[in-house]
Each structure stands twice: as C-alpha cells, then as structure tokens.
Amino acid sequence: MKRPYPLTLAFGSLLLGIGFLTAADDAKQDAIKKDRKKYEGTWRVTSLEINGNKSSEEDAKKITVVNKADGTWILQVDGGKITEGTSEIDPTKNPKAIDFMETEGDNKGKIVLGIYELGEDTRKLCYAGPGRERPSDFSAPAGSGRVLVDFKREKN
C-alpha cells in the first residue's frame, strides 16, 4: 500500500508551524503583561523635548501621567486632567513599540506611534505626531515633529 508521505509531511509541517505561532503569541502576551505591570502607576516628567526645544525642568515636572494596567492613561498638568487615552505596546520589538490614541482632546481618535524604554522607576518615551512614522531612536531634533520624554515613577 502506497502512503501519501508528501501530504503527511505537509500536514505535519502545518501543525508544527501553528504550534510555533501559538508559542510566539503566548510569549508576546506574557511580555506585554509584564511591561504593563511595570508601566502601571503615576509617572512624573523629568525631561521634555519637543521638536528640538527643551522645556525647563520646572515646567516639565508639572506634568504627570497616570498609567493603568489595561493600557489607559491620563495626562495631567499641576494635578488637572489635560487629556486621556489608550495605548498598545509591543515589548518584543527593538526598540519597544507603543501606539497610543487620545480618547478626548485635540488629537481624539488619531494614532500616535512611538518607542519606549522601561526601568524599575524610570521610563523614556519618544513619539512622533499623528500621521508621522514611528521614531527609530530616542531623539527629538528640530524639524522632526517628535517628542522625547523622560519619566520617574511617583512613590505612592
């Protein structure tokens, strides 16, 4: 009896491929959960550069962002809410990627592409304005349309 080896091999390869994709997706979801947990909390801006212009340390420190584990965030200045939104992260990218969207405010509904670094009590974020490409490095030179922000976690 002749066995259909090519068909068996193809089917086995398909199952193996699906297994690798599932394992990769599980690893990505685990990485997202881990970074979301580290991201959660209130973060004070320590340094802010917008399109090549550095803000004063005094002005930067007036800004805080409250991040929740589900990806929602609230931007505050001097304790008053300025805007809020949602974010999606991909810590498996290099550099780590973040996409966020305001759910209210001037850029409501527009997706902003960025990158981030995350330490224990520090965070760095670089993003471009709506409609611009994701930054590939942590810089915001004049004419780039980018924002570079350093944060320190607030103690509760």
Side-chain angles (χ1 to χ4, degrees), residues 17-156:
I18 290 170
F20 284 139
L21 289 176
T22 302
D25 190 50
D26 288 348
K28 181 178 177 178
Q29 291 306 314
D30 288 346
I32 290 170
K33 286 179 188 174
K34 181 180 173 189
D35 270 15
R36 283 271 184 232
K37 186 71 177 158
K38 287 175 71 174
Y39 222 87
E40 189 176 12
T42 302
W43 297 82
R44 182 160 307 277
V45 173
T46 58
S47 174
L48 175 65
E49 184 176 352
I50 303 170
N51 205 29
N53 297 307
K54 279 196 96 145
S55 73
S56 71
E57 186 177 328
E58 182 179 306
D59 286 341
K61 288 186 174 187
K62 293 178 182 178
I63 305 168
T64 57
V65 177
V66 178
N67 291 100
K68 297 182 182 174
D70 65 357
T72 58
W73 50 267
I74 301 169
L75 176 69
Q76 302 172 327
V77 175
D78 285 333
K81 182 172 85 169
I82 301 299
T83 189
E84 62 184 68
T86 62
S87 66
E88 297 291 329
I89 60 172
D90 187 348
T92 65
K93 300 280 186 185
N94 188 12
K96 295 178 178 189
I98 183 168
D99 300 349
F100 52 94
M101 179 177 61
E102 286 184 27
T103 54
E104 61 179 57
D106 294 341
N107 290 317
K108 181 179 180 178
K110 296 179 183 174
I111 295 175
V112 174
L113 305 176
I115 57 176
Y116 73 97
E117 287 181 350
L118 191 55
E120 285 301 314
D121 291 324
T122 60
R123 189 174 102 196
K124 184 177 282 206
L125 175 66
C126 184
Y127 62 91
R132 293 184 179 252
E133 289 186 22
R134 183 182 315 279
S136 58
D137 63 5
F138 291 93
S139 67
S144 67
R146 293 185 191 174
V147 177
L148 177 64
V149 189
D150 288 308
F151 299 88
K152 183 156 180 64
R153 183 186 302 277
E154 289 282 284
K155 303 294 181 195
N156 293 332

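Everything numeric in this text was worked out from a predicted model, so none of it was measured.
Considering only heavy atoms from C-beta on, S47 comes within 4.5 Å of K54 through its side chain. Contact of the D99 side chain with the R134 side chain is registered, since non-hydrogen atoms from C-beta on lie closer than 4.5 Å. Inter-residue side-chain proximity for V149 and R123 is flagged as unmet; no heavy-atom pair is nearer than 4.5 Å. Residues S87 and R36 have side chains in contact (heavy-atom distance under 4.5 Å, counting atoms from C-beta outward). Taking the side chain as every heavy atom from C-beta outward, D137 and R146 approach each other to under 4.5 Å. Side chains of I98 and Y39 form a contact here, defined as non-hydrogen atoms less than 4.5 Å apart.
Judged purely by atom type and a 3.5 angstrom limit, N51 uses its side chain to pair as donor or acceptor with the backbone of G143. Although no hydrogens or angles enter the test, the distance criterion places a donor-acceptor pair under 3.5 Å between the side chain of W73 and the main chain of T86.
To the nearest 0.5 Å, the span separating CD on E84 from OG1 on T103 amounts to 4.5 Å. In this structure, CG in N94 is found 11.0 Å from OG in S136, a value given to the nearest 0.5 Å. From E102, atom CD reaches atom CG of L75 across 8.0 Å, with rounding to the nearest 0.5 Å. Interatomic distance, CG of L118 versus NZ of K37, reported as 13.0 Å (0.5 Å rounding). Interatomic distance, K96 NZ to I32 CD1, rounded to the nearest 0.5 Å: 11.0 Å. Atom NZ of residue K68 and atom CD1 of residue I74 lie 4.5 Å apart, to the nearest 0.5 angstrom.
Listed by chain and residue number, F100 satisfy the ring-ring contact (aromatic ring centres under 6.0 Å, His included) test with Y127 (two or more places apart in sequence, or in another chain).
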### Task
Apply salt bridge (Lys or Arg N to Asp or Glu O under 4.0 Å) to the pair E57 and K61, showing each step before the final yes or no.
CA-CA 6 Å; E57 186 177 328; K61 288 186 174 187; 3.1 Å; yes
Please set out all donor-acceptor pairs under 3.5 angstrom arising from side-chain atoms of residues 105-117, sequence neighbours excluded.
residue: Y116; atom: OH; partner: D35; partner atom: OD2; Å: 2.7

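Remark: E104 CD is packed, more than 12 non-hydrogen atoms of other residues, nucleotides or ligands lying under 6.0 Å away.
The shortest heavy-atom contact between V45 and F151 is CG2-CE2, 3.6 Å.
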